[in-house]
Structure formats: structure tokens, C-alpha cells
Novice: 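This is the structure I want to talk about, given as C-alpha cells.
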Amino acid sequence: MTEILDFTSIFDLIIKSAMPWFGMDIGGTLTKLVYFEPKDITPDEQDCEAGILRNIRRYLTKNSAYGKTGHRDTHLQMDNVEIRKRRGSLHFIRFQTTDMGNFLSLAKQKGMAELVTTVCATGGGAFKFEKDFRDQVNMKLAKFDELDTLIKGILFADMHNVTECYYYENAREIIKTEKRAFNFSQPFPFILVNVGSGVSILAVYGPDNYKRISGTSLGGGTFLGLCCLLTGCTTFEEAIQLATKGDNRKVDKLVKDIYGGDYNRFGLTGDLVASSFGQMHINDKRSSVSREDLANATLVTITNNIGSIARMCALNEKIDKVVFVGNFLRVNPISMKLLAYAMEFWSNGTMKGLFLEHEGYFGALGCLLQFNGELAAALNESLDHSPPPNTTPQQCVAEPSKETASSADKPNDSTTR
Ligand SMILES: Nc1ncnc2c1ncn2[C@@H]1O[C@H](COP(=O)(O)OP(=O)(O)OP(=O)(O)O)[C@@H](O)[C@H]1O
Ligand SMILES: CC(C)(CO)[C@@H](O)C(=O)NCCC(=O)O
């Protein structure tokens with residue numbers, strides 16, 4: 001007797017056999033990998049589970065460091081999450097994009113080439129490395145747009161984690177200010193500032209309704225690059241540590257360095273930076289600054305510039321919530337507090353800076369989720385219009401239809417800068 005499967009059964013079959021589930025965001029500096037580990041595996045499934053799959057699961061979940069630059073952010077792990085009717089844990093892994101060659105070798109060594117035929121990927125690297133994935137590990141990339149997935153990831157994380165969103169209480173008193181949970185259940189509209197290597201600024205009006213309103217090349221990559229040049233440091237963590245011990249006032253020219261005090265007429269207090277790095281043309285000053293001061297001044301310069309552009313965007317769009325994300329904010333409370341201060345102070349308390357715990361992982365997370373909808377759409381199409389594909393379920397997953405797979409191929413012409 002021929003078994004007739006309805007749409008739901010086909011979908012179930014496909015999604016079950018499509019394990020492991022990854023979402024990948026290949027950025028200009030860091031590659032982010034979100035891995036969904038199913039925790040509801042039945043004894044039957046366990047029996048059928050391929051050895052390679054089991055090994056990959058164990059390798060990823062039992063370690064927290066991989067190769068030279070790979071790290072799993074264990075503090076961000078999300079447990080008991082339901083995705084596509086499966087329950088499990090989300091793991092958050094990152095490595096330097098310059099390490100992509102090693103990642104591909106490792107994936108090959110772990111047998112990924114025999115197991116997964118398609119990986120969902122976003123970020124510029126999904127385009128740049130597409131051929132390497134195909135040639136070296138026989139993997140296709142289902143490409144998704146980085147800003148679409150960013151928003152999807154944010155909304156999902158906030159829905160599944162009550163303490164995802166936070167703000168700084170009493171942001172005007174930077175020394176005393178404290179982190180507090182923020183109820184982001186009614187998020188729209190909001191300004192979204194993604195501080196990665198570069199910065200993208202979006203106005204988000206609904207889950208599928210946003211525009212990229214601005215951007216700046218002075219972002220996290222600029223901070224790290226300039227810091228390496230000025231201080232001789234070699235890592236982001238080192239740059240932040242130096243900045244924590246330094247004082248930008250020895251490097252920058254303040255309003256009081258120019259006025260001798262406040263510039264009252266326009267509300268510019270004496271302690272405000274009038275000119276970033278503005279003292280560094282003076283020989284004596286230059287010879288007395290420390291690496292720590294230079295790192296701090298670099299951090300403050302980049303952060304204040306981002307804060308200023310973000311505030312103008314919010315003002316223009318008449319939006320009062322400004323959400324800052326991206327890995328520039330990783331282990332970086334100095335910048336978060338400065339941004340919170342800038343939003344509050346310059347708007348006279350009418351704007352609020354908000355932050356999210358999974359700061360740099362939303363693109364990868366959204367990418368993992370996006371495949372669900374795209375797959376359903378692809379399936380619908382094949383069920384509606386074409387004869388049943390003569391393929392195994394996994395091959396079905398590997399071949400989303402051209403129309404749906406490459407939303408990232410469509411140009412985003414909504415930037416209005
Ligand atoms: N371990 C790290 N190594 C390098 N940079 C780091 C690290 N941790 C945080 N950063 C900061 O995060 C930035 C990258 O952030 P993110 O991963 O969000 O962007 P990206 O996706 O690489 O860049 P883009 O979106 O512009 O392509 C770096 O420029 C740096 O400022
Ligand atoms: C190019 C991207 C979108 C890559 O993520 C990002 O680095 C960015 O927004 N850079 C700033 C580009 C600009 O000047 O608008």
C-alpha cells in the first residue's frame with residue numbers, strides 16, 4: 001500500500017532529516033555560528049542517527065574552544081527552545097573570518113561534507129566564500145540578507161528570553177548607572193544600530209517592514225584597527241582592557257581646554273569633548289600620553305560618533321527607542337554606557353538607548369530561523385506546481401527554489417543616505 005503523506009508530514013520528515021541545524025553569519029571581522037542541538041531525540045531517532053552527526057553534536061557541545069580563534073559563548077546558551085516543533089538548546093559560536101580556511105578544513109575533517117549539503121548563511125561572506133564552501137566541502141550556501149535576518153533574530157531572542165533587552169538606569173550618571181531589564185514586548189517602531197566592522201542604521205516599523213536609513217564606515221573595525229596601530233595591541237579584548245585603564249581627556253581637546261570652562265550659551269559643558277585627539281598635535285602632550293589613554297580616546301571617539309549619528313537618525317524618524325547591537329559592544333560596557341548617556345542627555349530624556357544580551361548573534365540566529373519560512377514556501381511551490389521531486393528529504397532541503405532561496409541576491413535599494 002502506498003503511504004500518502006500530507007503537507008505537514010512531508011514538512012516534518014524534511015525538517016527532522018535536515019539536522020544538524022546551523023545559521024551562519026560571515027561578517028567582515030567575525031563569523032558567527034548558531035547551532036540548534038535537539039534535546040528531544042527519541043530512542044528510535046537515536047538508533048538511526050548517523051555517527052557523523054553524533055560526533056559533530058558532541059564536538060560542538062562538549063568543547064567551548066575550537067582551533068585558533070573559535071569560541072562558544074556558553075553564557076549565551078538558550079535552553080528549552082522550540083524551533084520547528086523540536087525542543088533543544090541554541091549554542092552560540094564565533095571565530096575570526098580570517099580563519100575561514102581552517103574552519104572549512106575542520107568541517108571537512110569532521111565529515112560535514114557527507115552529511116549536510118546546504119548551510120544557511122548570511123553576511124557579506126556568504127557571497128565571498130560561496131565558491132570555497134562548494135569546492136572544499138561540497139556545501140551549498142542558502143543565502144539570506146544580513147539585515148532581514150538581523151531583525152528576525154532580535155525578535156526571536158526577545159520573545160524567548162525575558163531578560164534579553166536592557167537599558168542603563170540613571171544613564172546621565174555614568175559612574176553610578178546600572179543595567180536594568182527592559183520590557184521590549186511592544187518593540188515597534190525602533191531605530192536599530194548594528195555596530196559590526198562598519199555600522200548600519202535601520203528604522204524598523206514591523207517584523208517585515210524596515211529601511212536602512214544610514215551607515216558609517218567608522219565602526220568596530222575602525223576602533224580595533226586604530227587601536228592596534230596606536231598601541232601595538234593585537235586583539236579586541238586587549239584593546240578594551242587598555243581602554244578601561246586609560247583617560248581620553250589626556251588625548252582629546254575638551255570644551256574647557258578651549259573656553260577655560262563651559263560654553264554656556266549652547267549648553268556645552270567644559271568636560272565635553274570639543275575635538276577628538278585634539279591635543280595630539282602638541283609635542284609635550286603627545287609624549288606624555290599612555291597606550292591606555294590612546295585606547296580609551298579611540299573607543300570614546302568611535303562611540304560618540306556612532307551615538308551622534310544614531311541620535312540624528314532617531315530624531316529624523318521621530319522614534320524614541322534606539323537599540324544598539326553588534327560585537328563592538330562585546331565586553332564593552334564603556335561604549336554601552338556612553339551610548340546610553342548620549343541618547344538620554346542630548347535628547348533631554350526623550351530617547352532611550354537599549355541593548356540586547358546576544359549582541360552579535362542575531363544575524364546568524366535569524367538565518368537559522370529564516371530557513372523555516374523559506375522552506376515552507378519552497379515546498380508549497382513544489383506541491384502546487386510541479387511533480388513530486390524524486391529526491392530524499394535531505395536533498396529537498398539542499399535545494400530551496402531559486403525564487404525563495406536567494407532573498408539576499410535581491411538588491412536592497414532602500415538605503416536613503
Ligand atoms: N574577539 C573579537 N575579535 C575581533 N573583533 C571583535 C572581537 N570581539 C568583538 N569584536 C568587535 O566586533 C566587531 C565585529 O562585530 P560583528 O561581528 O558584529 O561584525 P561583522 O559581522 O564582523 O562586520 P560587518 O557586519 O560589518 O561585516 C569588530 O570590528 C570588533 O570591534
Ligand atoms: C557593509 C556592511 C553592511 C557589512 O555588514 C557594514 O559593514 C556597513 O554597514 N558598513 C558601513 C557602510 C556605510 O558607510 O554605510
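Count residues from 1 along the sequence. Each ligand, and each atom within it, is numbered from 1 in the order the structure gives. Because only heavy atoms are used, hydrogens play no part in the values below, and waters and symmetry mates are left out as well, while side chains stay in.
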Novice: With T122 as reference, evaluate T149, L368, L147 under the side chain to side chain contact (heavy atoms under 4.5 Å, CB included) test and give the passing residue.
Specialist: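 Going through the options one by one, the only one that passes is T149.
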
Novice: Is it the case that more than 12 heavy atoms not belonging to K128 sit under 6.0 Å from its NZ atom?
Specialist: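 Counting other residues, nucleotides and ligands, NZ of K128 stays at 12 neighbours or fewer.
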
Novice: For F190 and F188, take the angle between the two ring planes, folded into 0 to 90°, and tell me which bin it lands in: parallel under 30, tilted 30 to 60, perpendicular over 60.
Specialist: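 Rings of F190 and F188: parallel, under 30°.
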
Novice: Specify the protein heavy atom at minimum distance from atom 21 (O) of ligand 1: its residue, its atom name, and the distance to 0.1 Å.
Specialist: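 Sorting protein heavy atoms by distance from atom 21 (O) of ligand 1 puts K32 NZ, 2.8 Å first.
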
Novice: Give me the nearest non-hydrogen protein atom to atom 8 (N) of ligand 1 as residue plus atom name, then the distance to 0.1 Å.
Specialist: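 Answer, as residue, atom name and distance: R330 NH1, 2.6 Å.
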
Novice: Suppose we call two aromatic rings close when their centres sit under 6.0 Å apart. Are F133 and F129 close by that rule?
Specialist: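 No, too far apart.
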
Novice: What heavy-atom pair brings T69 and H71 nearest, and what distance separates the two atoms?
Specialist: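 Looks like O-CD2, 3.4 Å.
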
Novice: Just jot down the ligand 2 atoms closer than 4.0 angstrom to any heavy atom of S217, in number order.
Specialist: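 The list of qualifying atoms is 14 (O).
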
Novice: Just checking Y168 against F355, ring centres under 6.0 Å apart?
Specialist: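 Yes, the ring centres sit under 6.0 Å apart.
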
Novice: May I ask you to check if ligand 1 and N194 share an N or O to N or O distance below 3.5 Å?
Specialist: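 No, no N or O pair falls under 3.5 Å.
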
Novice: Does a sphere of radius 6.0 Å around CD in E82 hold more than 12 heavy atoms from other residues, nucleotides or ligands, not counting ones at 6.0 Å or beyond?
Specialist: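 Yes.
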
Novice: Which pair of heavy atoms, one from V325 and one from L356, lies closest together, and at what distance?
Specialist: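 Residues V325 and L356, closest heavy atoms: CG1-CD1, 3.6 Å.
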
Novice: Evaluate G360 for polar contact with ligand 1, using N/O atom pairs at a separation under 3.5 Å.
Specialist: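 Such a contact does not occur with ligand 1.
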
Novice: Please could you name the atoms of ligand 1 that L224 approaches to less than 4.0 Å, counting only its heavy atoms?
Specialist: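 So the atoms of ligand 1 that pass are 4 (C), 5 (N).
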
Novice: Just heavy atoms, cut-off under 4.0 Å: does V199 contact ligand 2 by side chain, backbone, both, or neither?
Specialist: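 Under 4.0 Å from ligand 2, V199 contributes backbone atoms alone.
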
Novice: Test your reading of the structure: does G220 have an N or O sitting under 3.5 Å from an N or O of ligand 1?
Specialist: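 By distance alone, the answer is yes.
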
Novice: Hey, mind stepping through K256 and D262 against salt bridge (charged side-chain N to carboxylate O under 4.0 Å, His left out) and telling me if it holds?
Specialist: CA-CA 6 Å; K256 68 181 170 201; D262 301 339; over 6 Å; no

Novice: Atoms of ligand 1 less than 4.0 Å from G326 heavy atoms?
Specialist: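 Numbered from 1, ligand 1 contributes 18 (O).
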
Novice: Just to confirm my output: which protein heavy-atom neighbour is closest to atom 18 (O) of ligand 1, and how far is it?
Specialist: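 Nearest protein contact, heavy atoms only, for atom 18 (O) of ligand 1 is N327 N, 2.9 Å.
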
Novice: Counting from 1, what ligand 2 atoms have a heavy atom of S200 closer than 4.0 Å?
Specialist: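 Listed by number with element, the hits are 3 (C), 8 (C), 9 (O).
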
Novice: Nearest protein heavy-atom contact for atom 27 (O) of ligand 1: which residue, which atom, what distance?
Specialist: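 Protein heavy atom with the smallest distance to atom 27 (O) of ligand 1: G28 N, 2.8 Å.
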
Novice: Looking at ligand 1, does F328 have a heavy atom less than 4.0 Å from it?
Specialist: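 Judged by the 4.0 Å heavy-atom criterion, F328 does count as contacting ligand 1.
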
Novice: Any nitrogen or oxygen of G221 lying under 3.5 Å from a nitrogen or oxygen in ligand 1? Just yes or no.
Specialist: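 Min N/O separation from ligand 1 is below 3.5 Å for G221.
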
Novice: Over 60° means perpendicular and under 30° means parallel, so classify the ring planes of F182 and F184, tilted if in between.
Specialist: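 Judged by the thresholds at 30° and 60°, the geometry between F184 and F182 is tilted.
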
Novice: Would you mind checking which non-hydrogen protein atom is closest to atom 22 (O) of ligand 1, with the distance to 0.1 Å?
Specialist: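 For atom 22 (O) of ligand 1, the nearest protein heavy atom is T29 N, 2.8 Å.
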
Novice: Give the intermediate values and the outcome of side chain to side chain donor-acceptor pair (under 3.5 Å) for residues Y205 and E317.
Specialist: CA-CA 11 Å; Y205 295 97; E317 295 292 319; 2.3 Å; yes

Novice: Looking only at distances, please establish whether an N/O atom of ligand 2 is found under 3.5 Å from an N/O atom of R212.
Specialist: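 Indeed, backbone or side chain, R212 has an N or O that close.
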
Novice: Considering the heavy atoms of E237, write down every atom of ligand 1 situated less than 4.0 Å from one of them.
Specialist: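 Those qualifying, in numeric order: 1 (N).
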
Novice: Measure the distance from atom 25 (O) of ligand 1 to every protein heavy atom, then report the residue, atom name and distance (to 0.1 Å) of the closest one.
Specialist: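 Its nearest protein heavy-atom neighbour is E146 OE1, 4.0 Å.
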
Novice: May I ask you to identify the nearest protein heavy atom to atom 3 (N) of ligand 1, giving residue, atom name and distance to one decimal place in Å?
Specialist: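 For atom 3 (N) of ligand 1, the nearest protein heavy atom is Q96 NE2, 3.2 Å.
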
Novice: Below the 3.5 angstrom mark, is there an N/O of S214, backbone or side chain, next to an N/O of ligand 2?
Specialist: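 No: no nitrogen or oxygen of S214 is under 3.5 Å from one in ligand 2.
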
Novice: When you compare ligand 1 with D25, is there at least one nitrogen or oxygen pair between them that comes in under 3.5 angstrom?
Specialist: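 No; the residue has no nitrogen or oxygen that sits under 3.5 Å from a nitrogen or oxygen of the ligand.
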
Novice: Among protein heavy atoms, which lies nearest atom 30 (C) of ligand 1, and at what distance?
Specialist: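 In this structure, atom 30 (C) of ligand 1 has F236 CD1, 3.5 Å as its nearest protein heavy atom.
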
Novice: Would you give me the side-chain donor-acceptor pairs under 3.5 Å for residues 307-316, sequence neighbours excluded?
Specialist:
none

Novice: Can you give me every donor-acceptor pair (side chain of residues 220-231, partner residue at least two apart or in another chain, under 3.5 Å) with its distance?
Specialist:
{"unit_1": "T222", "atom_1": "OG1", "unit_2": "S217", "atom_2": "O", "d": "2.9"}
{"unit_1": "T222", "atom_1": "OG1", "unit_2": "G219", "atom_2": "N", "d": "2.9"}
{"unit_1": "T222", "atom_1": "OG1", "unit_2": "G219", "atom_2": "O", "d": "3.4"}
{"unit_1": "T231", "atom_1": "OG1", "unit_2": "C227", "atom_2": "O", "d": "2.7"}
{"unit_1": "T231", "atom_1": "OG1", "unit_2": "C233", "atom_2": "N", "d": "3.1"}

Novice: Can you check which of G196, G363, S197, G27 brings a heavy atom nearest to atom 23 (O) of ligand 1?
Specialist: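 The nearest heavy atom belongs to S197.
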
Novice: Among Y59, F95, Y35, which residue meets the ring-ring contact (aromatic ring centres under 6.0 Å, His included) test with Y66?
Specialist: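 Among Y59, F95, Y35, the one that satisfies the ring-ring contact (aromatic ring centres under 6.0 Å, His included) with Y66 is Y59.
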
